Amino acid sequence: MSKYVKRMIPFESSDIPAIQKWLEDMAMQGLFYKGCGLFCAEFEKGEPRQTRYRLDFCDVVACDIPEEKKEIYETNGWQVVGEFKSDLIVLCTDDPDAPEIYTDHSHLVKPLKKLAFKHMLYYIAFLMMFLNTRIGYPLQILFDGKGSVVGALIEIGTLKYALYVVLALLLLVEFIVQLRRWRHLNKLIKNIERGGELPQGESYKSKARAGRVLIPLRIPLIILWAVHVVIPIYTYDSAIDPSTVSLPVPAEIEANMQVREPNLSKKWFDVYERSDLLSPTIIKVRYGDTLHSQLSEYCVDYYDMRCESFAKEFVEGKIDETINYDRLEYKQHMEAISADERFEYQWNGYMPEYTLSEYERDGAEIHKIIEKYGEPENCIRQIMYIRIDNRLLWVWYQGADDQTDYIDEYIDYLKSAE
């Protein structure tokens, strides 16, 4: 059996009184400090005894303590044990009457200021990371009351967003902890500058509980934050075999989308599927045909939500986002496209206008939006939401056909999906 054991370090170097008391309590359990790494301290097993520990700041060169310092320690009955996180020197003595390693605490001010500066950098870094976590979009919808939180969570991925929130909360806790340590050190420095002493025998149990959780998490937390920044914010759908999906594509629309001239036309038909905590079944059909500047496009999304209230909020939020869009943002977006040489497009300055009609048919709740652009008769898109209980279809169509003609077909599909 090894005579050495390792214990997780629950303190930062700034918690000098707590570290000293912790090492003394470990000695009373028969564990005597020998050294430490980034997260764990190594102790040698022995007979429990009362041992005094002190920490000192020392200019260490190549892991070697200057000889004059060693002589001062040994003359006063103190033995150098090792370092603590490359910030401190650990000393111990079994002599209860041994004099303190220093009587003039003013020499601690300079190294304590260095530690305080380090923790200031830490709390600034964690604050910046917290402010740059990707939790803003759903929260903005929640506070503004505009749009759909359910829709935003499904777009991002509810489970992924929940992990983002946990990450943000841990970063916020780290920021608060580092800020408190910085403030604690500044108070300690001011106290010493006024002639006070470094406190001894500080209670450390609450600090230790928090430290055992937060200190080992710090590096993984930083890595996870970096990963979450580079991965796409929205969840991609998985393409599946179109023949396995029976979402409604009206025959008349399909006929109008047939390839006219192979060299002038591009046709696509894609089907995607995924699952989310709020909607276990999501199926999307993307069907279109482009001929020169003409575009016919038909999209239909099927959602089987966890409950009816989610489906209602999803529909109401999407309608709100569409009709009450940000006109300034739209204008800036279109001007940017017109200025981009990659696009052969000149925006004419028209803003889309929307007309909403709502009604019920055969147990289904139907919302139809007509988008008009420019001249009143110029209908660009038709958007429909057909909902029965917790199931809904979101139809998005650009073309000449009237989607109202296919309402019965959509309702039949929702009923068959029950």
Side-chain angles (χ1 to χ4, degrees), residues 151 154-155 234-274 282-303 314-315 318-319 321-323 325 329-330 333-334 336-338 340 342-348 350-357 366-387 392-410 413-414:
I154 290 175
E155 287 178 14
Y234 297 112
T235 299
Y236 289 110
D237 306 305
S238 301
I240 60 173
D241 183 358
S243 64
T244 63
V245 175
S246 59
L247 279 178
V249 180
E252 292 84 349
I253 293 177
E254 186 174 357
N256 289 339
M257 290 183 176
Q258 296 303 313
V259 175
R260 299 168 179 83
E261 297 179 45
N263 295 330
L264 299 176
S265 183
K266 181 181 179 182
K267 179 181 178 182
W268 67 88
F269 180 34
D270 300 306
V271 179
Y272 304 92
E273 184 178 35
R274 71 179 172 94
I282 302 172
I283 305 173
K284 300 182 178 183
V285 168
R286 299 291 178 264
Y287 194 14
D289 186 20
T290 304
L291 178 62
H292 295 299
S293 61
Q294 296 177 349
L295 172 66
S296 294
E297 188 171 3
Y298 173 80
C299 306
V300 57
D301 296 354
Y302 170 73
Y303 294 86
F314 180 88
V315 172
K318 289 298 180 183
I319 292 172
E321 288 177 356
T322 302
I323 294 177
Y325 70 99
E329 183 180 330
Y330 180 87
H333 175 67
M334 298 306 294
I337 292 177
S338 297
D340 194 327
R342 294 174 300 173
F343 302 102
E344 297 180 3
Y345 179 80
Q346 259 327 109
W347 183 49
N348 55 18
Y350 287 130
M351 306 290 286
E353 301 294 338
Y354 297 96
T355 303
L356 172 65
S357 57
I366 300 161
H367 308 263
K368 182 177 180 181
I369 300 173
I370 300 295
E371 177 184 305
K372 293 188 176 181
Y373 187 85
E375 298 300 325
E377 65 276 7
N378 187 13
C379 175
I380 301 299
R381 295 181 185 88
Q382 300 170 54
I383 304 169
M384 286 203 307
Y385 299 91
I386 305 100
R387 183 183 66 82
L392 67 94
L393 287 172
W394 173 12
V395 181
W396 192 96
Y397 174 66
Q398 179 170 327
D401 295 286
D402 186 352
Q403 286 297 291
T404 309
D405 296 338
Y406 310 115
I407 290 291
D408 292 334
E409 188 172 343
Y410 296 135
Y413 178 85
L414 288 174

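Just so it is clear, the model here is predicted, and its values are computed rather than measured.
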*Stepwise, does the side-chain contact (heavy atoms from CB on, under 4.5 Å) test hold for Trp396 with Asp301?*
CA-CA 9 Å; Trp396 192 96; Asp301 296 354; over 6 Å; no

*With sequence neighbours excluded, what pairs up with Glu155 under the salt bridge (charged side-chain N to carboxylate O under 4.0 Å, His left out) test?*
Lys318

*Looking at residues at least two apart in the chain, or sitting in another chain, which of them share a side chain to side chain contact (heavy atoms under 4.5 Å, CB included) with Asp408?*
Arg361

*Strictly under 6.0 Å, is that where the ring centroids of Tyr413 and Tyr302 end up?*
yes

*asked:* Just verifying a value: how many Å separate Met384 CE and Tyr410 OH, rounded to the nearest 0.5 Å?
replied: 5.0 Å

*asked:* How long is the straight-line distance from OG1 of Thr322 back to CD of Glu371, given to the nearest 0.5 Å?
replied: 8.5 Å

*Do Lys372 and Thr355 meet the criterion of a side-chain donor-acceptor pair at a distance under 3.5 Å?*
no

*asked:* Assess whether a salt bridge exists between Asp237 and Arg274, defined as any Lys/Arg side-chain N lying under 4.0 Å from an Asp/Glu carboxylate O.
replied: yes

_Between His367 and Val315, is the side-chain contact (heavy atoms from CB on, under 4.5 Å) condition met? List the steps._
CA-CA 9 Å; His367 308 263; Val315 172; 3.7 Å; yes

_Can you tell me how far apart CD1 (Ile369) and OH (Tyr385) are? Round to the nearest 0.5 Å._
5.5 Å

*Evaluate side-chain contact (heavy atoms from CB on, under 4.5 Å) for Arg286 paired with Cys299, printing each intermediate quantity in order.*
CA-CA 5 Å; Arg286 299 291 178 264; Cys299 306; 3.4 Å; yes

_Gln382 side-chain N/O to Gln403 backbone N/O, donor-acceptor pair under 3.5 Å_ = yes

*CD1 of Ile154 to OH of Tyr234: how many Å apart, nearest 0.5 Å?*
13.5 Å

*Hey, does Tyr287 have a side-chain heavy atom less than 4.5 Å from the side chain of Asp270?*
no

*For Tyr325, all residues meeting ring-ring contact (aromatic ring centres under 6.0 Å, His included), sequence neighbours excluded*: Tyr330, Tyr354

*asked:* Quick check for you: to the nearest 0.5 Å, what is the distance between Phe314 atom CZ and Trp394 atom CH2?
replied: 5.5 Å

*Would you call Lys368 and Ser357 a side-chain contact if the rule is heavy atoms closer than 4.5 Å?*
yes

*How long is the span from the OG1 atom in Thr404 to the CD1 atom in Ile407, to the nearest 0.5 Å?*
5.5 Å

_side-chain contact (heavy atoms from CB on, under 4.5 Å) between Ile386 and Leu392, intermediate numbers included_ = CA-CA 5 Å; Ile386 305 100; Leu392 67 94; over 6 Å; no

